[in-house]
Amino acid sequence: MRFLGLDVGDKTIGMAISDPTYTISQGLYTLRRTKLEDDLNEVIKVCREYEVCKIVTGLPLNMNGTLGFQSEKVKEFCHHLLSKIKIELVYQDERLTTASAIKAMLEADFSRKKRKGLVDKMAAVLILQTYLDSLKKEVLKDGI
């Protein structure tokens, strides 16, 4: 069983998967969005293939922590997804994850073309890894 990380955008959905021990996030791919039904079916296919037990979806909050227009779109997509598959879904604050993904790729000297194709997948990796790290912190806090 694994966790699936999603970075849901208007044109693409970045996807990342955890290892079975919920320690490390790894990028899967970026789905180019077409029709809602097809997008949902693709995410469900990944959930079944990797035996996903939880979906961690980035929620793009405003800098002051409030929900914005894009947050509502993400929540709507997740509502449709949960109507088709019974799985736990949590939202992870994704403020600045895209900027962090771009910065990491710039530091790795990725070309503009390569960055464009990877940014959403990398953002999904960061969203999921942030969530996994928060779980570790909770375990450490509770264990002490």
**Request:** Would you mind checking if E42 and K45 are paired as a salt bridge, meaning a charged N to carboxylate O distance below 4.0 Å?
**Result:** yes

**Request:** For I55 and L81, work out which heavy atoms get closest and say how close.
**Result:** CD1-CD2, 3.7 Å

Gap separating the [atom1] atom of [X] from the [atom2] atom of [Y], nearest 0.5 angstrom:
| X | Y | atom1 | atom2 | answer |
| --- | --- | --- | --- | --- |
| H80 | E76 | NE2 | CD | 4.5 Å |
| F3 | I87 | CZ | CD1 | 10.0 Å |
| L31 | D39 | CG | CG | 5.5 Å |
| M1 | Y50 | CE | OH | 15.5 Å |
| E37 | K84 | CD | NZ | 3.5 Å |

**Asked** Could you go step by step and tell me if T12 and D120 meet the side chain to side chain donor-acceptor pair (under 3.5 Å) rule?
**Response** CA-CA 7 Å; T12 61; D120 296 311; 2.6 Å; yes

Can you check whether [Y]'s main-chain N or O pairs, donor with acceptor, with [X]'s side chain at less than 3.5 Å?
| X | Y | answer |
| --- | --- | --- |
| N64 | T66 | yes |
| Q129 | Q26 | no |
| N62 | G65 | no |
| S25 | S18 | no |

**Prompt:** Between L4 and V43, does a side chain to side chain contact (heavy atoms under 4.5 Å, CB included) hold up when you go through it step by step?
**Reply:** CA-CA 9 Å; L4 176 67; V43 173; 4.0 Å; yes

**Item:** Residue list, side chain to side chain contact (heavy atoms under 4.5 Å, CB included) with E88, at least two apart or on another chain
**Value:** K54, V90

**Request:** Kindly indicate, with the supporting measurements, whether the criterion side chain to side chain contact (heavy atoms under 4.5 Å, CB included) is fulfilled by L67 and L61.
**Result:** CA-CA 5 Å; L67 295 176; L61 301 175; 3.4 Å; yes

**Asked** Is L128 close to Q92 at the side-chain level, that is, under 4.5 Å between some pair of heavy atoms?
**Response** no

**Message:** Within the structure provided, determine whether K11 and R32 are in side-chain contact (heavy-atom separation under 4.5 Å).
**Reply:** yes

**Request:** Test E94 against every option in I127, L126, L59, L6 by the side chain to side chain contact (heavy atoms under 4.5 Å, CB included) rule and name the one that passes.
**Result:**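 Option passing the side chain to side chain contact (heavy atoms under 4.5 Å, CB included) with E94: I127.
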
**hydrophobic_cluster_shared for I44 and V46, side chain cutoff 4.5 Å** =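 Shared cluster, yes.
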
**Request:** Give the C-alpha distance, both sets of side-chain angles, the deciding distance and a yes or no for side chain to side chain contact (heavy atoms under 4.5 Å, CB included) between R33 and V8.
**Result:** CA-CA 10 Å; R33 295 194 67 178; V8 179; 3.8 Å; yes

**Message:** Applying side-chain hydrogen bond (donor to acceptor under 3.5 Å, both in side chains), can you list everything that pairs with T34, at least two apart in sequence or on another chain?
**Reply:** none

